[in-house]
Each structure stands twice: as C-alpha cells, then as structure tokens.
Amino acid sequence: MEQHIRQALIAAAPDLFGAAINDTLIQFQQTRRDMEGDLTLVVFPFVKMLRCSPQEAGDKLKQWIESHIEGVSHCNVVSGFLNIVFTNAYWLEQLNQMQDQPNYGLAPANSKPTVMVEYASPNTNKPLHLGHLRNIFLGASVAEILRAVGHKVVRTQVINDRGIHICKSMLAWEKFSPVNARGERETPANTGLKGDKLVGKYYVEFDRALQIEAKAIMAQWQSGNFSDTPTAIEEAVLNFEKAKEGKDEKAIAALDDKIKELAKNQTAILHEAKEMLVKWEARDPQVYLLWTTMNGWVYAGFDQTYAQMGVSFDKLYYESDTFLLGKDQVMEGIKSDVFYQKPDGSVWIDLTADGLDEKLVLRSDGTAVYMTQDIGTAIDRFKDFPDLHGMVYTVGNEQDYHFKVLFLILQKLGYAWANNCFHLSYGMVDLPSGKMKSREGTVVDADDLMAEVIEKAKEMTQERGHLEGLDNAAREQLYTQIGLGGLKYYLLKVDPKKRMLFNPEESIDLTGNTGPFLQYAHARISTLLEKAAYVPTPLSLTTPMRPEEKEIIKQLALFGTTLEEAAKGYSPALLANYSYELVKLYNTFYQSVKIVIEPDADVRQFRLSLSAKVRQVLAQALGLLGVEAPQRM
RNA sequence: GGUCUCGUAGUUCAACGGAUAGAAUAAGCGUUUCCUAAACGUUUGAUCCAGGUUCGAUUCCUGGCGAGACCA
C-alpha cells in the first residue's frame, strides 16, 4: 500500500504540485497508536514546494488521496501529519491474502547470494561461558534471518586449537593429573567429567602453579636476590620498583602487575610450556598425540554444549590448519606495494592515509600474526566456496579495530568481495557485580547456566503449567524449550551492538518482555485452534472490524519489512521487539472478545484465522531467534 | 597519550531527524458463571551538561563530564 501511494503520488505530481517530485520527499511512518489512522504521511517536506502552511498542504494531499487511492476510507490532518485510514475491506483482503501464503513474509530460498556467517571462535583450553552464548545465539540467529530473506548461508566456526594456552593445559595434565589403579591419568571416561571441563580444569591448575612460582620469584626479588635472573630483567624490575615512588595506589598496582608479568616469564613451568609449543610446531609425535587427544575431549564437550544450545555448523575451520596461511599473500602484497618491509625484515602496511595507523602483518622472524592468518583464511574461504558473495564475522566489539584493518587490507589487495565482509560486532555481557573475571571466579559457565534456567523452567511449569496427558519425555522437552527459549530471548532482545547487563534473576522471568511470555501466547493459540477444529476458508465480514483486530492485521502486515530490516541491520533484536508487539496486541484482543465461542460464524472464522496467522508468524519469528514455540505449556 | 563505542524512568531495554519519548520491572487497585490468569486493564516516574545545524534533535555536528574497549 505504501509503495502504491508513493508511486501514484510521483505519477500525479506534475498535476498536483506543478512539478515533478523526488522520491525522498515522500516519507511514511507508522501512525501513532493514539491517533486514528493506519499509515501516516509526513507533510513537512511538501510545505516548501507548495509554499503554504502544513495544514493547507495536508488538506490538499488529503483530498487527492481520498479521491484517487483505492482502499482508502478517509484521512485526517493533524499538525503536519496526514493520517490515512484504510477501509475494513482492505484489511480483510490483506488477511485473506496472508492466509494463502504458508511462507508469509519469507523470501524464496536461494534467491540471494551465498553468505558465510562465522559465529563461534572458542579456545580449546576453556569451557564456553555466558559471553559465548551471546555470541553464538546472535550469529546463529543472524544466519537464520539471512536465510529467511533469501540468502544461501554457510554457517561456520573457527576453532582456536593451537598456541601456548593449549600447551598450558596439556602440560598441567601431564604434571598434575592423579594416576588411578590402572595407571591412567584423568580422562573424561574415567572421571565422568565433560571433556572441555576437564581440560579447563588443568588450565586453571597450570595457572595456580604458575602463580606460586611467580610469587616465590617475586619474594626473592624483594629480598634483593637476583642470582637466577638475567641482568636485563633485573634492571627492568628495579626500574619499575623505582617508578612506584610517590605514585597513587592505581599506578602502583599497574607497576606491580608488570613486575608480576616479568616474574611469570621467569618461571620454570612457563618455560616448559613454551618448549612444548616449539615441539608441537615441529610436529613432535608425542606432543602431537597428546594435543590431538585432549582437543578431542574438548570437541566432544563442545558438541554436547552446542546440542543443548540447539545450534550447528556447516563447516569447521581449525586454526592449526590455517595459521600458516596468509604469508604468501603478504609477499604478493609487497610486490604490489600494498605492504612494505622494514630493514629488520618485518612487513607493515601504512594506513595513515585512511585515518588508521601502521600495522604489522608479518614479524621480522617471518612468523605470522593474527592479521596474517585472517587475511589468509578469508581468501581461502572464498576459494573453498566459489559462489561466496560475502562474509559475516560475529566477534566481540573489542576486535572492532582489527576488523576495520582486515577489511581495508583485503580491499587494498584487490579483492572486490572485501566490501561484502561485515564485522557483526556485539557488546560485552556484564554481570550485576561488573565484568566477568575468571580470576575472581565470576565467569558464568554456559552449561551450568543452561541447566539452571531449565531447572527453573521446570519448577515454574510444574507450578502453573498444563501438563496433563504429556509423558515424561515430552515434559522434559517442554522445560528445555521454555528455559532455553527464555535465555535466548533475553540475550537477543537487546541491540547486539550494545553492551548489556545479565541479571540472572531476570533471565528466568516469565512475565513481561520475555521468551516464555511469547511462548505462552503461542501455546494458548495452539490449543484454541485445536479446540475449534479450525480449517482456513475465504473470509467475509458483514459486521465492522474491531480496532483490536485491525491492529493485529497491521502488525502482521509489517512482518516482511521487519524481517528485511533485521537482515539489513543484522539485528535479531528487531524481530524480538516485533514479536513482543504482536503478542501484546493479540493478548489484548484475546481478553476482549470471544473466539471459539463466538456465535456469529463469519466473525468466529475471521477471529480464528487471525489467531492462526498470529501463531504462524510468531512461530516463524521465534524460530529465527532460535526459540522454540511449544504447542502447550 | 591516540582511536573507537556508549550515557534515556529507581533498574533493565525501545524510539528510519518527526506528533504528547514507548515497554518491562518494582508497588497499589481491579478483571476468571466464558476459549490456558505464565494473561488483561489501571495509577506514578527519564533524554548527562553547554552550544550549533533544522520547520522539527534522544537521534546529526562541536566542546565538556562520566563508563568501557582497542592501539603503543
């Protein structure tokens, strides 16, 4: 309708205004809830051209629209806004048309180019936590949204499976794991621990041992004993100590941290870990076997977590396979003057002309930095998927600068697709107590959290749910749907870009703007339709439509554009807000009218049809958020 | 020190440059002879500060204050 009026106005402009008009002059918006109207045209842009008051311009437009646009009942002009009211017949016809579309609002599959969405990049030395949950739910939802608007989507995960941190876990396991009667160290099998938890446990063990050693070294330094310390380090320590004089508490703490860093570097255990890394890079068979084994445990653990989360991937990338990539590209880039080499052999790119600074892309010893690797990986992915058009990286906003630089480099290297790369940057998740810190034990574990919300959902559901006739398996499934649905919705309803606060109590709320609120509406409609034995038929109405009913059709009509905006803005939050609005409107309607027990057959069928469409769109929208919609609860 | 984000009811979140800045939560009151009350209705409360651009600024620009991140 909006498009229709827009085009009609443009076509009629020479007659109506005496001049052709620009498309941007015509601005529509949703009519305020407290005004009469279904669509609002902003009059101000026309005022200058028509050289009259907003009221006069509005009246002119009102008259023209009322007499020329089919489906318009009447208009009113209020302070520069032209509110257009459509006829009941128009809205009924809208609903009729929606009825016939099982995929209402969605674009045809594969009608748009292929996009890769990367939405998890875990380290294999630590279990997943709350931050990963936001990351993964967000990326998974965006992938679904892109698919819904017609893109072909490849979902991917990059696993950070190499480097010093993995070696720390491996070393600690070898050193500290108790050995059982059969001579085995701890494994997931003989402890019953999840693999990622077991490996994470040894990562913590390593850190504990490191701290103890470091403290001992610092104590020695305090007493002036530097006999085991290289002179350069000794000087650095003494300099830091000297710098502490006369400084405030904060500065002293920072300096102490630096000294502690130095001490850690002097520990035997860190040296051992570094040696292990060197062996790993040299493909030492024993180290490699240990690495493979322990990573295997972690993957099994992650798979379990992903299964619980309800997410999956089409393609996995391992950093151990890709960390050597990118060097060739850097060499090529030197030839084409994108990069330059410093006398020490390190390679850089100068981005000062683009408002950024100089960035290292290859170390002087020829080893890769993260940027090198990311350049190589990006290029590789486009080789792996020849029809790939663009890529979305779901990564926290602390990497904003990194991706800005990465995309710029790819562009300068001459890859046209660099313009289709997008950093889906999301804000950190804070706790009421502040940031999550592993050192202070405030990290919220993903598995624990999911188990907790499901348990809570179970309690609540047993208290007030409608479970008769459901067997145990179905009940457990329902608790999971509600618990996880609530958690996902809680994390996704906030604008992804924004830093958000995670309040454990609110995340399991059932009332207000929550997942269970939406799920409840879906369940209620489901049983309603079942009771009415609803079958769609063409609709007709002889009585006037109620305002509550019209509001729902209006909201339903917005589904397609909301979905498109969500895709364009990579924002599941828009769909969450949309669903919430829809359900609020529906609940108001539900409370104020009879549906199944409505005596008038036409009205009954109309209201059932409305309910059915709300249910379908709601299920669709929730599905795009990764939230399941139960039939009853 | 440089760059980048963000500042909205007590709290958590909304608002393509548009009308009287919406919700939720907390608190009170009311609604089940009728389809699931995990619902609905109702009452109170906010744009960090100072300028500028505009018919119109929470939104854009400049400066300050505050929170966070990144870079060395």
Side-chain angles (χ1 to χ4, degrees), chain A residues 24 27-35 37 40-48 53-54 77-83 351 355-360 396-405 425-428 430 432 434-435 457 460-461 463-468 482 486 490 493-495 497-503 505-507 509-532 534 548 561 565 568-569 573-574 576-578 580-581 583-598 604 607-608 611 630-633:
Chain A
T24 56
Q27 294 171 21
F28 286 107
Q29 59 182 322
Q30 288 304 302
T31 305
R32 285 176 60 101
R33 281 271 144 72
D34 50 354
M35 308 294 284
T40 293
L41 179 66
V42 185
V43 176
F44 291 106
F46 296 94
V47 169
K48 258 187 195 166
S53 72
V77 182
V78 181
S79 58
F81 295 90
L82 176 69
N83 301 317
L351 298 171
L356 306 174
D357 49 17
E358 294 183 26
K359 193 83 191 170
L360 177 74
N397 64 9
E398 74 264 9
Q399 304 274 358
D400 282 355
Y401 189 76
H402 174 84
F403 281 101
K404 219 189 248 182
V405 172
S425 162
Y426 65 88
M428 297 291 110
D430 286 336
K435 283 187 71 172
M460 305 282 213
T461 305
E463 223 171 86
R464 61 188 102 185
H466 303 76
L467 298 168
E468 26 344 302
I482 296 172
Y490 183 84
K493 75 176 176 189
V494 181
D495 182 346
K497 290 192 286 292
K498 290 197 175 163
R499 162 181 280 268
M500 70 175 285
L501 187 94
F502 181 84
N503 186 328
E505 278 148 38
E506 282 176 18
S507 70
D509 266 355
L510 308 174
T511 58
N513 187 356
T514 64
F517 174 83
L518 303 183
Q519 290 174 315
Y520 179 75
H522 182 270
R524 199 160 64 167
I525 299 174
S526 296
T527 49
L528 182 87
L529 293 174
E530 205 177 305
K531 269 190 187 143
Y534 167 73
E548 299 96 318
T561 49
E565 278 168 26
K568 217 157 81 189
L574 295 181
N577 291 338
Y578 170 86
Y580 179 58
E581 280 303 317
V583 166
K584 273 206 301 186
L585 291 172
Y586 184 80
N587 282 347
T588 305
F589 157 77
Y590 181 92
Q591 296 290 343
S592 57
V593 302
K594 297 180 166 81
I595 302 172
V596 178
I597 48 180
E598 164 63 42
R604 179 176 187 269
R607 289 181 183 161
L608 284 171
S611 303
Q631 300 297 314
R632 51 188 291 187
M633 65 187 273

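Convention: sequence-line order gives letters A, B, ...; per-chain numbering from 1.
- Residue-level contact check: A:Lys435 touches the backbone only, with heavy atoms under 4.0 Å from sugar-phosphate atoms and none from bases.
- Atom CG of A:Leu574 and atom P of B:A14 are 10 Å apart (whole Å).
- B:U20 and B:A57 have their P atoms separated by 11 Å, given to the nearest Å.
- If you check every strand for non-hydrogen atoms under 4.0 Å, A:Tyr426 touches nothing.
- Residue A:Thr40 is in base contact, counting any heavy-atom pair closer than 4.0 Å across all strands shown.
- Annotation: side chain of A:Met460 is not in contact with side chain of A:Ile482 (no heavy-atom distance under 4.5 Å).
- The side chain of A:Phe44 lies closest to B:C55, out of B:A38, B:C35, B:C55.
- Residue A:Thr511 places at least one side-chain N or O closer than 4.0 Å to OP1 or OP2 of B:U25.
- The side chain of A:Arg524 contributes an N or O atom lying less than 4.0 Å from OP1 or OP2 of B:A37.
- Residue A:Val42 has its side chain nearest to B:G18 when only B:A14, B:G18, B:A19 are considered.
- A:Leu82 places its CG atom 18 Å from the P atom of B:G18, with the value rounded to the nearest Å.
- In this structure, B:U32 shows a glycosidic angle within 90 degrees of zero, which is the syn conformation.
- Regarding A:Leu528, its CG atom lies at a distance of 7 Å from the P atom of B:U36, rounded to whole Å.
- The side chain of A:Val78 approaches B:A19 more closely than any other nucleotide in the set B:A19, B:C35, B:G18.
- Following rounding to the nearest Å, A:Lys568 (NZ) and B:C16 (C1') show an atom-to-atom distance of 9 Å.
- Among the protein residues, A:Met500 comes within range of the sugar-phosphate backbone only, with heavy atoms under 4.0 Å from sugar or phosphate atoms but none that close to a base.
- Note: CZ (A:Arg33) to C1' (B:A15) measures 13 Å, nearest angstrom.
- In this structure, A:Met633 reaches the bases: a heavy-atom distance under 4.0 Å links it to at least one base atom across the strands shown.
- Look at A:Asn513 and you won't find any side-chain N or O under 4.0 angstrom from OP1 or OP2 of B:A23.
- Remark: P of B:A38 and CZ of A:Arg632 are 14 Å apart, rounded to the nearest angstrom.
- Residue A:Lys584 places no side-chain N or O under 4.0 Å from the OP1 or OP2 atom of B:G22.
- Across the protein-nucleic acid pair, A:Gln27 atom CD and B:C55 atom P stand 14 Å apart, rounded to whole Å.
- Note on A:Asp495: only backbone sugar-phosphate atoms sit closer than 4.0 angstrom, heavy atoms only; bases stay farther off.
- Within the 4.0 angstrom heavy-atom criterion, base atoms lie near A:Thr461.
- Residue A:Leu501 is classed as a sugar-phosphate contact, given heavy-atom separations below 4.0 Å to backbone atoms only.
- Between A:Tyr401 and B:C70, a side-chain N or O to OP1/OP2 separation shorter than 4.0 Å is absent.
- Of all nucleotides listed (B:A39, B:U36, B:C13), B:U36 comes nearest to the side chain of A:Ala523.
- Counted by atom type alone, A:Asn397 and A:Arg499 present zero donor-acceptor pairs between their side chains at under 3.5 Å.
- An aromatic stacking contact between A:Tyr590 and the base of B:A39 is absent, as defined here by ring centres under 5.5 Å apart and ring planes under 30° from parallel.
- At a threshold of 4.0 angstrom between heavy atoms, the contacts of A:Arg32 include nucleobase atoms, whether or not backbone atoms are also involved.
- In the model, A:Asp400 has a side-chain atom that pairs as donor or acceptor with a side-chain atom of A:Ser425 under 3.5 Å.
- Using P as the reference atom, B:C6 and B:A15 are 12 Å apart when rounded to the nearest Å.
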Represent RNA chain B in dot-bracket notation, 5' to 3'. Only Watson-Crick or G-U wobble pairs with both distances under 3.5 Å count; pseudoknot-style crossings use [ ] and interstrand partners use |. (((((((..((((....[...)))).(((((.......)))))....(((((..]....)))))))))))).
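- Residue A:Thr588 is in sugar-phosphate contact alone, with no base atom involved, counting any heavy-atom pair closer than 4.0 Å across all strands shown.
- Here the nucleotide nearest the side chain of A:Lys531, chosen from B:C35, B:G18, B:A38, is B:C35.
- Among the atoms of the strands shown, none is found under 4.0 Å from any heavy atom of A:Asp430.
- A:Asn503 comes within 4.0 angstrom of nothing in the nucleic acid, heavy atoms only.
- Rounded to a whole Å, the CZ atom of A:Phe81 is 8 Å from the C1' atom of B:G56.
- The ring pair (Phe, Tyr, Trp, His ring centres under 6.0 Å) check on A:Tyr520 picks up nothing, with sequence neighbours excluded.
- Distances shown here put a side-chain N or O of A:Lys498 below 4.0 Å from the OP1 or OP2 atom of B:A14.
- To the nearest whole angstrom, the two P atoms, one in B:U47 and one in B:U59, are 13 Å apart.
- Nucleic acid contact class of A:Val77 (heavy atoms, under 4.0 Å, all strands): none.
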